[in-house]
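First the structure, in the form of structure tokens, and then the observations on it.
The figures that follow rest on heavy atoms only: side chains count, while hydrogens, waters and symmetry mates do not. All chains are named by letter (A, B, ...) in the order of the sequence lines, taking the proteins before the strands, and each is independently numbered beginning at 1.
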Amino acid sequence: MYVAVKGGEAAIANAHRLLADRRRGDRDVPALTLEQITGQLALAVDRVMAEGSLYDPDLAAMAVRQSRGDMIEAIFLLRAYRTTLARFGNSRPIDTAKMRIERRVSATYKDIPGGQLLGPTFDYTHRLIDPAMAGDAPVDEPLRRAREDERRAPRVTDILNDEGLIERDVLSDEEPGDLTRDPTAFPADRDVRLQALARGDEGFLLSLGYSTQRGYGRTHPFVGEIRIGLVDVEIDVPELGFAVSLGSVRVTECQMVSQFTGGSEEGAKFTRGYGLVFGQSERKAMAMSLVDRALRADEFDEQRLAPAQDEEFVLAHCDNVQATGFVEHLKLPHYVDFQAELDLLRTLNTAKATNDEMREAAE
Amino acid sequence: MTLPEYNFAYLDEQTKRMIRRAILKGIAIPGYQVPFASREMPMPYGWGTGGVQVTAAILGPDDVLKVIDQGADDTTNAVSIRAFFAKTANVATTTKTADATVIQTRHRIPEAPLSAGQVIVYQVPIPEPLRFLEPRETETRVMHGLEEYGLIHVKLYEDIAQHGHIATTYAYPVKVEDRYVMDPSPIPKFDNPKMNGSPALQLFGAGREKRIYALPPFTHVVSLDFEDHPFQVQKFKQPCALCNATGVYLDEVVTDDRGGRMYVCSDTDHCETRRQDGHHGTGLPIAGQETVKEDAA
Amino acid sequence: MTSPILSVRDLERRYGDFIGCTDISFDVWPGEVVAIVGESGSGKTTLLNCISGRLERSSGSIQYHMRDGRFPDLADLSEAERRFLMRTDWGFVHQNPADGLRMRVSAGANVGERLMAIGDRHYGEIRDTATEWLGRVEIAGDRIDDKPVAFSGGMRQRLQIARNLVTRPRLIFMDEPTGGLDVSVQARVLDLLRGLVSDLGLAVVIVTHDLAVARLLSQRMIVMKNGRIVETGLTDRVLDDPHHPYTQLLVASILES
């Protein structure tokens, strides 16, 4: 006899058990440790923290392990944990001018106070798969500069600003919006937009940023500066009357010097596109700064024609956890709706057949 | 390092209060989509995060929860969500529509009429009934605000012009209390009339889209149509093959690769209840195969 | 009615330091066709967009005579009232029909949309009205279920006109309605427009750079240059006896070409 498929519960349990097995893999091979993941897959951990918007390398490493290396799944795990955390305060804005710099490059000036510093970059490596990666060959210790070499490194945009050649940075004591705590309303303010981009999907932003370079919302960008390093996170404690450091986080900041705008009162000025990402991710920070600038089209009376300039489009689709959920929900059962469509299709075809017959009979 | 811990019923109390405020606003303005600060849930967007948040916000320790997907209690996603609440909120669960105080559903309304005191929570993927006619949120909000609903009738007009009748079969738009056009979630239009004047409280949650809306008990809900092309629900030619029910929504089951089909209740609880009450259907339509075992009858 | 249907006073629209149009005052009377002419960049389209509520003005007043007798400034109407005006009492014919039509929706629905927007809920009646209007703009009834993408440029423009007129508006704005059409097609559309305007007693504000269009359709003309009105008057008078040197140049250049 026909029996409707039952045993969903057992099936789910079995599937999860199989998943755990595949996650662990060959039991004769030692399991990955969190130290290995944070230490040797550091950029994966950085991406999970950035798009999971939670700075916790250990949890991110656990998520990477639990997700078998599926980055979006790992980001999802971190997000679902983050959302349960209580907010006990807002930090003061981080000061990237005081960053302990690991890497810093500018494409606009050959030499800048504080100097250019390549740091740990893939740039200029030849992308040849290194046979040494099959084993565990010894690796040389890196060279370290002396402490006194750590000169003050003002931001390139500050240098431009001192000359009045770039739009002023907006300083505000207003509490920034929080898109994880308030529903987004359009048009969105720039703080909310930047927040969405900072946790947006790297691939999506990369493609959008790329599209602006190919004419879909051009912004004439120059990399004013990219800097990567550690910054202190401080929180005001009203009881104490001063800010207390909570520790430091590694961030990547990109200031894109973009298309100038000509106000007759203030004179022509370059405009800014801004990118800031947890961890080391230059690609994401650069793409973010391109898209940020493109999204500011209205501010500069630019026509909004390209996808990267379309705030609703970008904000509604840049979140990979939302995107993956909705795309993948198509695999859930839809038989009720499908039945309705099937029924309609048959009705339409029956009606057509009847009409055709009647027409033939009439002819 | 600290290992993660999760709160009772997953959502913290502040969040639940925020969601309840949105629900109350939704009840006060039937059919109006209330933006709410949807949280990230431990299940994927599109898999019922809105419904789960609404349910989490209204669930009390004495509630009895029923979860269905496609009308059935035993589809995997329904099982998963029911297990989620059994684990995080430790509430009693049931598959009996009549016994449930809260019913979370995806794509169906139970066949058995709901009663006063019950709450049905719909999972909604796209809450905006105008979305596929006008993709911009800024524009659709104005359209709702000014009651500019001409466009949705253009869609229905096109259906008739092309197919001879309205060709929307699910997520069929309704007008609530003669004011807001509302998406009833992707239930088959067969279920639309059950929304009208229901004594139960009907809540709709869209997590990814961050919207909650509601129909308080006994709300007037009308499916959009034309005077000369009135709204009609699907009718099935045969009764349920298992319980012989008519006037219910049926799933088509492919029984073999030679065109064999049978039709059975989509609402599994309704079907089982009827069979326990002694009803039985004709069984498999193909001769030579085992027929449905007769129940207590 | 002895008062204007539309009254514009001291209208100005700036884009930052740039003046779109300024110091604009004129009236439109019921049943009257007013042409705004000038070369591109003269501010005529800015002006049209301002008075039709599609662009915010910087200063000045625009009053409209409502059907209920009120004569409010458009800025004092609620968004709902303004939108209602736009889809009932007003029409707007774009130069490019694609801007004024739903290209992927059938001709019948394009014409019927305004009716449905104001509450018509009888499919058969909507369809009958649409058929009638398609006939009035010389589109065969059997094209009612075709989409504008399948129409020629002239047909699209005629469809746009029908879509605007179906609610029997009192005031129509037109932006170079024949500008995108072949010369051979222009004449037919102009002829049709002239007939409909006089049959229906429509008030029209039409923007055109084409003096021949102005002569054919309008009773009165406003000549614009650099965002300002340089001359107004009866169309025949302005074209036959232009006073302002710029108008003289404009008329002369037409005659030469």
Side-chain angles (χ1 to χ4, degrees), chain A residues 1-2 4-9 11-12 15 34 56-59 62 76-77 79-86 178-187 310-313 316 319 321-330 332-344 347-348 351 355, chain B residues 1 4 6-7 10 12 35-42 44-47 49 69-72 74-80 83 106-108 125 136-138 163-164 167 169-171 186-190 208 210 234 241-242 249-253 255 262 264 266 268 283-284 290-293:
Chain A
M1 70 167 272
Y2 166 73
V5 183
K6 292 259 182 193
E9 252 160 286
I12 290 173
L34 299 187
D56 189 324
D58 287 331
L59 278 182
M62 284 169 73
F76 186 4
L77 288 168
R79 290 263 194 100
Y81 173 62
R82 177 192 191 275
T83 189
T84 65
L85 299 177
D178 182 349
L179 61 84
T180 67
R181 283 294 187 262
D182 305 302
T184 314
F186 295 107
D310 187 330
E311 174 181 283
E312 276 200 42
F313 178 80
D319 190 302
V321 176
Q322 288 179 7
T324 199
F326 201 49
V327 167
E328 293 194 50
H329 109 284
L330 291 173
L332 290 180
H334 282 81
Y335 16 90
V336 164
D337 295 345
F338 186 70
Q339 182 65 53
E341 292 286 271
L342 209 56
D343 189 51
L344 174 67
T347 311
L348 291 176
N355 280 345
Chain B
M1 65 178 287
Y6 294 105
N7 278 327
Y10 185 75
D12 57 283
F36 83 111
S38 175
R39 297 294 192 251
E40 291 180 296
M41 299 300 286
Y45 286 109
W47 297 50
T49 54
D69 186 343
Q70 314 295 303
D74 52 9
T75 37
T76 41
N77 202 43
V79 169
S80 170
R106 176 169 172 264
H107 294 195
R108 276 308 312 273
R136 284 185 190 284
E137 181 68 18
T138 35
H163 304 298
T169 56
Y170 61 93
I187 56 172
K189 65 176 180 176
F190 178 88
R208 193 176 37 78
K210 301 181 169 59
Q234 292 102 332
L242 299 179
Y249 197 81
L250 301 177
D251 279 343
E252 178 173 331
V253 181
T255 51
M262 68 185 289
V264 299
S266 131
T268 49
L284 291 169
E290 199 181 350
T291 51
V292 174
K293 191 167 64 183

Heavy-atom nearest pair, A:Asp337 first then B:Pro188, reads OD1-N, 4.1 Å
Taking B:Glu40's backbone N and O only, do any of them form a donor-acceptor pair with A:Arg82's side chain (distance below 3.5 Å, no angle check)?
no
Under 4.5 Å from any heavy atom of chain A - which part of B:Arg39
both
Contact summary for A:Ala80 and B:Pro42, nearest pair of heavy atoms:
CB-CA, 3.8 Å
Keeping A:Gln339 on the side-chain end and B:Glu252 on the backbone end, is there a donor-acceptor pair under 3.5 Å?
yes
Using a cut-off of under 4.5 Å for heavy-atom pairs, which of B:Met41, B:Arg106, B:Lys189 has the most such pairs with chain A?
B:Arg106
Go through the atoms of B:Ser266 and report whether side chain, backbone, both or neither lie under 4.5 Å from a heavy atom of chain A.
side chain
Can you confirm whether B:Thr49 sits close enough to A:Gln322 that some side-chain heavy atom of one is under 4.5 Å from a side-chain heavy atom of the other?
no
Heavy-atom distance under 4.5 Å to chain B: side chain of A:Asp178, backbone, both or neither?
neither
Close side-chain approach of B:Tyr170 and A:Val336, heavy atoms under 4.5 Å
no
Considering all heavy atoms of both residues, which atom of B:Thr138 and which atom of A:Pro187 are nearest to each other, and what is their separation?
CG2-N, 4.3 Å
Taking the side chain as every heavy atom from C-beta outward, state whether A:Phe186 and B:Arg136 have any pair of such atoms under 4.5 Å apart.
no
Return the OG1 to OH distance between A:Thr83 and B:Tyr10, rounded to the nearest 0.5 Å.
5.5 Å
More than 12 heavy atoms of other groups within 6.0 Å of A:Phe326 CZ
yes
Please determine, among A:Thr180, A:Asp343, A:Leu330, the option with the most heavy-atom pairs under 4.5 Å with chain B.
A:Thr180
Quick one: what part of B:Ser80 sits under 4.5 Å from any heavy atom of chain A, side chain, backbone, both or neither?
both
Where B:Gly46 and A:Leu332 come nearest, the two heavy atoms and their spacing
O-CD1, 4.0 Å
Mark yes or no for whether A:Tyr335, through its side chain, and B:Asp251, through its backbone, hold a donor-acceptor pair below 3.5 Å.
no
Side chain from CB out, backbone as N, CA, C, O: work out which of these in B:Ala83 comes under 4.5 Å of a heavy atom of chain A, or both, or neither.
neither
Hey, does the side chain of A:Glu312 reach the backbone of B:Glu137 with a donor-acceptor pair shorter than 3.5 angstrom?
yes
Would you mind reporting whether A:Thr324 and B:Pro44 have side-chain heavy atoms less than 4.5 Å apart?
no
Based on non-hydrogen pairs under 4.5 Å, which of B:Gln70, B:Gln234, B:Lys210 is most in contact with chain A?
B:Gln70
Side chain from CB out, backbone as N, CA, C, O: work out which of these in B:Phe36 comes under 4.5 Å of a heavy atom of chain A, or both, or neither.
backbone
Pick whichever of A:Val327, A:Leu179, A:Asp182, A:Leu348 has the most heavy-atom pairs under 4.5 Å with chain B.
A:Leu348
